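Written out below as C-alpha coordinates is the structure these notes cover.
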Amino acid sequence: MDIKKIMVIGAGQMGGGIAQVCAQAGFDVKLNDIKEESYAKGLAVITKNLSRNVEKGRMTEDEKAKTLGRITKSFDLDDAADVDLVIEAAVENMDIKRTIFGQLDKIAPAHTILASNTSSLPITEIAAATNRPEKVIGMHFMNPVPVMKLVEIIRGLATADEVYQAVEDMTNKLAKVPVEVNDFPGFVANRILMPMINEAIYTLYEGVAKEEAIDEVMRLGMNHPMGPLQLADFIGLDTCLYIMETLHEGFGDSKYRPCPLLRKYVKAGWLGKKSGRGFYVYN
Ligand SMILES: CC(=O)CC(=O)SCCNC(=O)CCNC(=O)[C@H](O)C(C)(C)COP(=O)(O)OP(=O)(O)OC[C@H]1O[C@@H](n2cnc3c(N)ncnc32)[C@H](O)[C@@H]1OP(=O)(O)O
Ligand SMILES: NC(=O)C1=CN([C@@H]2O[C@H](COP(=O)(O)OP(=O)(O)OC[C@H]3O[C@@H](n4cnc5c(N)ncnc54)[C@H](OP(=O)(O)O)[C@@H]3O)[C@@H](O)[C@H]2O)C=CC1
(Lines give C-alpha, C1' and ligand atoms only; values in the text may rest on other atoms or scores of the structure.)
(Ligands and ions follow the chains in the order given, each with its own letter.)
Protein backbone atom coordinates (compact mmCIF):
# COMPACT_ATOMS: atom_id res chain seq x y z
CA MET A 1 0.00 0.00 0.00
CA ASP A 2 1.55 3.25 -1.13
CA ILE A 3 0.57 6.20 1.06
CA LYS A 4 1.04 9.64 -0.54
CA LYS A 5 -1.96 11.80 0.31
CA ILE A 6 -3.23 12.16 3.86
CA MET A 7 -6.17 13.84 5.54
CA VAL A 8 -5.88 14.85 9.20
CA ILE A 9 -9.19 15.53 10.97
CA GLY A 10 -9.10 18.09 13.79
CA ALA A 11 -6.63 21.01 13.78
CA GLY A 12 -6.22 21.05 17.59
CA GLN A 13 -3.04 20.38 19.51
CA MET A 14 -2.72 16.79 18.23
CA GLY A 15 -4.08 17.18 14.69
CA GLY A 16 -1.92 20.24 14.05
CA GLY A 17 1.20 18.40 15.23
CA ILE A 18 0.36 15.32 13.15
CA ALA A 19 -0.20 17.48 10.04
CA GLN A 20 3.14 19.21 10.68
CA VAL A 21 5.22 16.02 10.95
CA CYS A 22 3.49 14.44 7.93
CA ALA A 23 4.12 17.55 5.78
CA GLN A 24 7.74 17.72 7.00
CA ALA A 25 8.19 14.12 5.84
CA GLY A 26 6.99 15.07 2.33
CA PHE A 27 3.35 13.93 2.42
CA ASP A 28 0.52 16.07 1.01
CA VAL A 29 -1.83 16.83 3.90
CA LYS A 30 -5.40 18.09 3.96
CA LEU A 31 -6.03 19.51 7.42
CA ASN A 32 -9.74 19.36 8.25
CA ASP A 33 -11.65 21.10 11.02
CA ILE A 34 -15.21 22.26 11.58
CA LYS A 35 -14.36 25.90 12.32
CA GLU A 36 -12.24 28.39 10.34
CA GLU A 37 -10.81 29.81 13.58
CA SER A 38 -9.71 26.36 14.82
CA TYR A 39 -7.93 25.75 11.50
CA ALA A 40 -6.27 29.19 11.64
CA LYS A 41 -5.10 28.55 15.22
CA GLY A 42 -3.70 25.15 14.23
CA LEU A 43 -1.85 26.56 11.22
CA ALA A 44 -0.41 29.40 13.33
CA VAL A 45 1.09 26.86 15.76
CA ILE A 46 2.56 24.83 12.87
CA THR A 47 4.07 28.01 11.35
CA LYS A 48 5.58 28.98 14.71
CA ASN A 49 7.10 25.51 15.19
CA LEU A 50 8.60 25.55 11.68
CA SER A 51 10.02 29.08 12.21
CA ARG A 52 11.72 27.80 15.35
CA ASN A 53 13.25 24.97 13.29
CA VAL A 54 14.62 27.58 10.86
CA GLU A 55 16.02 29.72 13.73
CA LYS A 56 17.69 26.63 15.18
CA GLY A 57 19.22 25.74 11.78
CA ARG A 58 17.22 22.50 11.51
CA MET A 59 15.54 23.56 8.25
CA THR A 60 15.91 26.31 5.63
CA GLU A 61 13.33 29.02 4.83
CA ASP A 62 12.77 27.20 1.54
CA GLU A 63 12.04 23.89 3.32
CA LYS A 64 9.67 25.71 5.67
CA ALA A 65 7.79 27.22 2.71
CA LYS A 66 7.63 23.83 0.96
CA THR A 67 6.36 22.14 4.14
CA LEU A 68 3.61 24.76 4.58
CA GLY A 69 2.82 24.45 0.85
CA ARG A 70 2.03 20.75 1.36
CA ILE A 71 -0.75 21.57 3.87
CA THR A 72 -4.15 22.54 2.47
CA LYS A 73 -7.24 23.49 4.42
CA SER A 74 -10.45 21.50 4.45
CA PHE A 75 -13.85 21.97 6.05
CA ASP A 76 -15.60 19.15 4.19
CA LEU A 77 -15.12 15.40 4.69
CA ASP A 78 -15.80 15.02 0.92
CA ASP A 79 -12.15 16.10 0.54
CA ALA A 80 -11.25 12.53 1.63
CA ALA A 81 -12.28 11.34 -1.86
CA ASP A 82 -8.65 11.15 -3.09
CA VAL A 83 -6.56 10.39 0.00
CA ASP A 84 -4.74 7.16 0.91
CA LEU A 85 -4.80 7.59 4.68
CA VAL A 86 -7.01 9.53 7.09
CA ILE A 87 -5.74 10.24 10.61
CA GLU A 88 -8.63 11.38 12.81
CA ALA A 89 -7.74 13.62 15.78
CA ALA A 90 -11.09 15.21 16.65
CA VAL A 91 -12.34 15.27 20.24
CA GLU A 92 -12.27 12.12 22.42
CA ASN A 93 -15.93 11.22 22.03
CA MET A 94 -17.15 7.87 20.67
CA ASP A 95 -20.33 9.23 19.04
CA ILE A 96 -18.38 11.93 17.18
CA LYS A 97 -15.68 9.47 16.08
CA ARG A 98 -18.21 6.87 14.89
CA THR A 99 -20.09 9.54 12.91
CA ILE A 100 -16.87 10.73 11.27
CA PHE A 101 -15.75 7.16 10.43
CA GLY A 102 -19.20 6.25 9.05
CA GLN A 103 -19.08 9.27 6.73
CA LEU A 104 -15.47 8.66 5.69
CA ASP A 105 -16.32 5.07 4.80
CA LYS A 106 -18.79 6.33 2.21
CA ILE A 107 -16.47 9.03 0.81
CA ALA A 108 -12.94 7.59 0.80
CA PRO A 109 -11.76 5.17 -1.92
CA ALA A 110 -11.81 1.45 -1.09
CA HIS A 111 -8.02 1.29 -0.55
CA THR A 112 -7.97 4.18 2.00
CA ILE A 113 -6.82 3.36 5.55
CA LEU A 114 -8.84 5.04 8.31
CA ALA A 115 -6.74 5.65 11.44
CA SER A 116 -7.74 7.22 14.75
CA ASN A 117 -5.44 9.08 17.13
CA THR A 118 -7.84 8.24 19.97
CA SER A 119 -6.06 8.07 23.30
CA SER A 120 -8.26 5.35 24.76
CA LEU A 121 -11.46 4.56 22.85
CA PRO A 122 -11.82 1.03 21.41
CA ILE A 123 -10.60 0.87 17.79
CA THR A 124 -12.85 -2.16 17.24
CA GLU A 125 -15.96 -0.13 18.12
CA ILE A 126 -14.91 2.78 15.88
CA ALA A 127 -14.23 0.26 13.07
CA ALA A 128 -17.74 -1.22 13.48
CA ALA A 129 -19.17 2.10 12.24
CA THR A 130 -17.65 1.29 8.81
CA ASN A 131 -17.89 -1.45 6.19
CA ARG A 132 -14.10 -1.77 6.13
CA PRO A 133 -13.07 -2.77 9.70
CA GLU A 134 -9.96 -4.45 8.26
CA LYS A 135 -8.73 -1.00 7.15
CA VAL A 136 -9.33 0.72 10.51
CA ILE A 137 -6.43 1.08 12.95
CA GLY A 138 -5.21 3.19 15.89
CA MET A 139 -2.32 5.57 15.33
CA HIS A 140 -1.72 7.10 18.76
CA PHE A 141 0.79 9.95 18.67
CA MET A 142 2.12 11.55 21.87
CA ASN A 143 1.91 15.22 22.81
CA PRO A 144 3.77 17.39 21.72
CA VAL A 145 3.81 15.48 18.44
CA PRO A 146 6.84 17.22 16.83
CA VAL A 147 8.99 16.28 19.87
CA MET A 148 7.79 12.87 21.07
CA LYS A 149 9.13 9.77 19.30
CA LEU A 150 6.47 7.19 20.14
CA VAL A 151 3.45 6.17 18.09
CA GLU A 152 1.34 3.36 19.59
CA ILE A 153 -0.15 1.41 16.69
CA ILE A 154 -3.32 -0.34 17.78
CA ARG A 155 -4.70 -3.35 16.00
CA GLY A 156 -8.50 -3.54 16.13
CA LEU A 157 -10.05 -7.01 16.20
CA ALA A 158 -10.33 -7.06 12.39
CA THR A 159 -7.31 -4.93 11.35
CA ALA A 160 -5.54 -6.61 8.39
CA ASP A 161 -1.81 -7.41 8.61
CA GLU A 162 -1.02 -5.43 5.44
CA VAL A 163 -2.78 -2.38 6.92
CA TYR A 164 -0.72 -2.69 10.11
CA GLN A 165 2.44 -2.99 7.97
CA ALA A 166 1.57 0.08 5.84
CA VAL A 167 0.97 2.20 8.96
CA GLU A 168 4.17 0.95 10.60
CA ASP A 169 6.17 1.85 7.44
CA MET A 170 4.50 5.27 7.32
CA THR A 171 5.36 5.88 11.01
CA ASN A 172 9.02 5.09 10.30
CA LYS A 173 8.96 7.63 7.44
CA LEU A 174 7.85 10.25 9.99
CA ALA A 175 11.03 9.43 12.00
CA LYS A 176 8.82 8.13 14.83
CA VAL A 177 9.09 4.79 16.63
CA PRO A 178 6.07 2.49 16.16
CA VAL A 179 5.07 0.13 18.98
CA GLU A 180 2.48 -2.59 18.36
CA VAL A 181 -0.38 -2.76 20.84
CA ASN A 182 -3.67 -4.67 21.03
CA ASP A 183 -7.06 -3.07 21.45
CA PHE A 184 -7.86 -2.90 25.18
CA PRO A 185 -9.01 0.19 27.13
CA GLY A 186 -6.29 2.85 27.34
CA PHE A 187 -3.97 0.64 25.22
CA VAL A 188 -0.57 0.71 27.02
CA ALA A 189 0.34 4.40 27.35
CA ASN A 190 -2.80 5.68 29.04
CA ARG A 191 -3.54 2.51 31.01
CA ILE A 192 -0.34 3.25 32.90
CA LEU A 193 -0.06 7.06 32.69
CA MET A 194 -3.63 8.15 33.43
CA PRO A 195 -4.17 6.28 36.74
CA MET A 196 -0.98 7.98 37.95
CA ILE A 197 -2.36 11.40 36.96
CA ASN A 198 -5.75 10.54 38.55
CA GLU A 199 -3.95 9.50 41.77
CA ALA A 200 -2.07 12.82 41.78
CA ILE A 201 -5.46 14.59 41.55
CA TYR A 202 -6.74 12.48 44.51
CA THR A 203 -3.62 13.49 46.43
CA LEU A 204 -4.57 17.14 45.88
CA TYR A 205 -8.30 16.47 46.56
CA GLU A 206 -7.50 14.81 49.90
CA GLY A 207 -5.26 17.70 50.93
CA VAL A 208 -2.10 15.63 51.15
CA ALA A 209 -0.11 18.39 49.43
CA LYS A 210 -0.51 21.48 47.23
CA GLU A 211 -0.24 21.45 43.40
CA GLU A 212 3.36 22.64 43.24
CA ALA A 213 4.46 20.19 45.93
CA ILE A 214 2.89 17.17 44.18
CA ASP A 215 4.53 18.13 40.89
CA GLU A 216 7.89 18.81 42.51
CA VAL A 217 7.92 15.39 44.19
CA MET A 218 7.46 13.65 40.85
CA ARG A 219 9.84 15.96 38.93
CA LEU A 220 12.72 15.89 41.38
CA GLY A 221 12.02 12.52 42.97
CA MET A 222 11.32 10.49 39.84
CA ASN A 223 12.99 12.62 37.17
CA HIS A 224 9.71 13.11 35.27
CA PRO A 225 10.06 16.07 32.85
CA MET A 226 6.72 17.47 34.07
CA GLY A 227 4.79 16.87 37.29
CA PRO A 228 1.50 14.91 36.85
CA LEU A 229 -0.77 17.95 37.43
CA GLN A 230 1.24 20.07 35.00
CA LEU A 231 1.07 17.19 32.51
CA ALA A 232 -2.71 16.86 33.02
CA ASP A 233 -3.10 20.58 32.23
CA PHE A 234 -0.91 20.09 29.15
CA ILE A 235 -2.91 17.08 27.88
CA GLY A 236 -6.29 18.74 28.62
CA LEU A 237 -8.44 17.87 31.66
CA ASP A 238 -11.41 16.98 29.42
CA THR A 239 -9.24 14.42 27.61
CA CYS A 240 -7.95 13.07 30.96
CA LEU A 241 -11.54 12.63 32.19
CA TYR A 242 -12.64 10.88 28.96
CA ILE A 243 -9.71 8.48 29.29
CA MET A 244 -10.46 7.66 32.96
CA GLU A 245 -14.12 7.08 32.05
CA THR A 246 -13.08 4.71 29.25
CA LEU A 247 -10.82 2.76 31.64
CA HIS A 248 -13.53 2.69 34.34
CA GLU A 249 -16.24 1.52 31.96
CA GLY A 250 -13.98 -0.79 29.93
CA PHE A 251 -12.61 -2.73 32.91
CA GLY A 252 -15.54 -2.27 35.32
CA ASP A 253 -12.97 -1.87 38.08
CA SER A 254 -13.38 0.85 40.74
CA LYS A 255 -9.64 1.47 40.81
CA TYR A 256 -10.14 3.53 37.64
CA ARG A 257 -12.88 5.82 39.04
CA PRO A 258 -12.17 9.43 38.00
CA CYS A 259 -11.40 11.77 40.91
CA PRO A 260 -14.42 14.04 41.70
CA LEU A 261 -12.08 17.05 41.57
CA LEU A 262 -11.22 16.23 37.95
CA ARG A 263 -14.95 16.12 37.09
CA LYS A 264 -15.52 19.42 38.89
CA TYR A 265 -12.75 21.21 37.00
CA VAL A 266 -14.02 19.93 33.64
CA LYS A 267 -17.60 21.01 34.50
CA ALA A 268 -16.23 24.47 35.38
CA GLY A 269 -14.55 24.69 31.96
CA TRP A 270 -11.11 24.54 33.60
CA LEU A 271 -9.62 22.34 30.89
CA GLY A 272 -5.95 23.13 31.51
CA LYS A 273 -3.51 25.06 29.35
CA LYS A 274 -5.83 25.22 26.32
CA SER A 275 -8.58 27.05 28.26
CA GLY A 276 -6.19 29.24 30.30
CA ARG A 277 -6.90 27.53 33.62
CA GLY A 278 -6.63 24.06 35.12
CA PHE A 279 -4.55 23.14 38.15
CA TYR A 280 -2.52 26.23 37.24
CA VAL A 281 -3.39 29.56 35.62
CA TYR A 282 -1.96 30.38 32.15
CA ASN A 283 -1.82 33.74 30.39
C1 LIG B 1 -2.77 11.72 26.62
C2 LIG B 1 -2.28 10.79 25.60
O3 LIG B 1 -3.09 10.13 24.94
C4 LIG B 1 -0.86 10.49 25.34
C5 LIG B 1 0.11 11.57 25.63
O6 LIG B 1 0.47 12.31 24.76
S7 LIG B 1 0.61 11.69 27.21
C8 LIG B 1 1.77 13.01 27.20
C9 LIG B 1 3.10 12.55 26.70
N10 LIG B 1 4.00 13.66 26.77
C11 LIG B 1 4.75 13.90 27.86
O12 LIG B 1 4.74 13.15 28.83
C13 LIG B 1 5.55 15.16 27.81
C14 LIG B 1 6.31 15.41 29.09
N15 LIG B 1 7.07 16.62 28.95
C16 LIG B 1 8.24 16.70 28.26
O17 LIG B 1 8.73 15.71 27.72
C18 LIG B 1 8.91 18.04 28.20
O19 LIG B 1 8.48 18.82 29.28
C20 LIG B 1 8.66 18.81 26.85
C21 LIG B 1 9.28 18.04 25.69
C22 LIG B 1 7.17 19.01 26.58
C23 LIG B 1 9.29 20.19 26.97
O24 LIG B 1 10.63 19.99 27.21
P25 LIG B 1 11.48 20.99 28.16
O26 LIG B 1 12.89 20.59 28.01
O27 LIG B 1 10.84 20.99 29.48
O28 LIG B 1 11.17 22.42 27.58
P29 LIG B 1 11.77 23.19 26.36
O30 LIG B 1 13.25 23.37 26.47
O31 LIG B 1 10.93 24.41 26.25
O32 LIG B 1 11.45 22.27 25.11
C33 LIG B 1 12.34 21.32 24.56
C34 LIG B 1 12.13 21.31 23.07
O35 LIG B 1 10.79 20.88 22.78
C36 LIG B 1 10.12 21.87 21.99
N37 LIG B 1 8.73 21.93 22.41
C38 LIG B 1 8.27 22.07 23.67
N39 LIG B 1 6.93 22.10 23.67
C40 LIG B 1 6.55 22.00 22.37
C41 LIG B 1 5.29 21.97 21.73
N42 LIG B 1 4.14 22.04 22.41
N43 LIG B 1 5.27 21.84 20.38
C44 LIG B 1 6.40 21.77 19.67
N45 LIG B 1 7.63 21.77 20.23
C46 LIG B 1 7.70 21.90 21.56
C47 LIG B 1 10.81 23.16 22.30
O48 LIG B 1 10.65 24.07 21.23
C49 LIG B 1 12.24 22.72 22.47
O50 LIG B 1 12.83 22.52 21.20
P51 LIG B 1 14.26 23.12 20.81
O52 LIG B 1 14.80 23.89 21.98
O53 LIG B 1 15.04 21.91 20.47
O54 LIG B 1 13.94 23.97 19.65
N1 LIG C 1 -4.13 16.03 24.29
C2 LIG C 1 -3.29 15.01 24.28
O3 LIG C 1 -2.27 15.01 24.97
C4 LIG C 1 -3.56 13.84 23.41
C5 LIG C 1 -4.79 13.67 22.79
N6 LIG C 1 -5.02 12.58 21.98
C7 LIG C 1 -6.29 12.41 21.30
O8 LIG C 1 -6.30 13.24 20.15
C9 LIG C 1 -7.63 13.70 19.89
C10 LIG C 1 -7.63 15.22 19.83
O11 LIG C 1 -7.17 15.73 21.07
P12 LIG C 1 -6.60 17.22 21.19
O13 LIG C 1 -5.89 17.59 19.94
O14 LIG C 1 -5.93 17.29 22.48
O15 LIG C 1 -7.98 18.04 21.27
P16 LIG C 1 -8.26 19.56 20.87
O17 LIG C 1 -9.48 19.93 21.62
O18 LIG C 1 -7.01 20.38 21.02
O19 LIG C 1 -8.56 19.47 19.30
C20 LIG C 1 -9.66 18.84 18.74
C21 LIG C 1 -9.96 19.55 17.44
O22 LIG C 1 -10.92 18.80 16.71
C23 LIG C 1 -11.90 19.71 16.23
N24 LIG C 1 -13.13 18.98 16.00
C25 LIG C 1 -14.12 18.67 16.87
N26 LIG C 1 -15.07 17.95 16.24
C27 LIG C 1 -14.68 17.81 14.96
C28 LIG C 1 -15.25 17.19 13.80
N29 LIG C 1 -16.42 16.58 13.86
N30 LIG C 1 -14.58 17.27 12.63
C31 LIG C 1 -13.37 17.90 12.55
N32 LIG C 1 -12.79 18.50 13.61
C33 LIG C 1 -13.44 18.45 14.79
C34 LIG C 1 -12.00 20.76 17.32
O35 LIG C 1 -12.60 21.92 16.82
P36 LIG C 1 -13.31 22.98 17.82
O37 LIG C 1 -12.27 23.43 18.79
O38 LIG C 1 -13.75 24.01 16.88
O39 LIG C 1 -14.42 22.21 18.50
C40 LIG C 1 -10.53 20.95 17.65
O41 LIG C 1 -9.91 21.86 16.76
C42 LIG C 1 -8.52 13.10 20.99
O43 LIG C 1 -9.07 11.88 20.51
C44 LIG C 1 -7.52 12.85 22.12
O45 LIG C 1 -7.91 11.84 22.99
C46 LIG C 1 -4.04 11.64 21.73
C47 LIG C 1 -2.80 11.78 22.30
C48 LIG C 1 -2.48 12.86 23.21
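All figures in this text were calculated on a predicted structure; none of them were measured in a lab. Order of appearance sets the numbers: ligands from 1, and atoms from 1 within every ligand. Residue numbers start at 1 and run along the sequence shown.
When non-hydrogen atoms are compared, ligand 1 lies under 4.0 Å from the side chain of R58 (C-beta onward) but not from its backbone. Using a 4.0 Å cut-off between heavy atoms, H140 contacts ligand 1 through its side chain alone, with no backbone atom that close. When non-hydrogen atoms are compared, ligand 2 lies under 4.0 Å from the backbone of I235 as well as from its side chain. The proximity of H140 to ligand 2, defined as any non-hydrogen pair under 4.0 Å, is limited to the side chain.
Of the listed options V147, I46, N117, V147 places a heavy atom closest to atom 36 (C) of ligand 1. Of the candidates L193, L231, N143, I197, it is L193 that places a heavy atom closest to atom 7 (S) of ligand 1.
From the protein, the heavy atom lying nearest to atom 17 (O) of ligand 1 is P225 CG, 3.7 Å.
At least one heavy atom of K97 sits closer than 4.0 Å to an atom of ligand 2. Within the structure, the closest approach of A89 to ligand 2 falls below 4.0 Å when heavy atoms are considered.
Under the 4.5 Å side-chain heavy-atom criterion for ILVMFWY residues, no single connected hydrophobic cluster contains both M170 and M142.
Between T118 and ligand 2, a contact under 3.5 Å exists for no N or O pair. Checked against a 3.5 angstrom limit, the closest N/O atoms of Q13 and ligand 2 fall inside it. Considering both main-chain and side-chain atoms, S119 comes within under 3.5 Å of ligand 2 through a nitrogen or oxygen pair.
A salt bridge does not link K73 with D33: every distance from a Lys NZ or Arg NE/NH1/NH2 to an Asp or Glu carboxylate oxygen is 4.0 Å or more.
For ligand 2, the atoms closer than 4.0 angstrom to any heavy atom of K35 are 38 (O).
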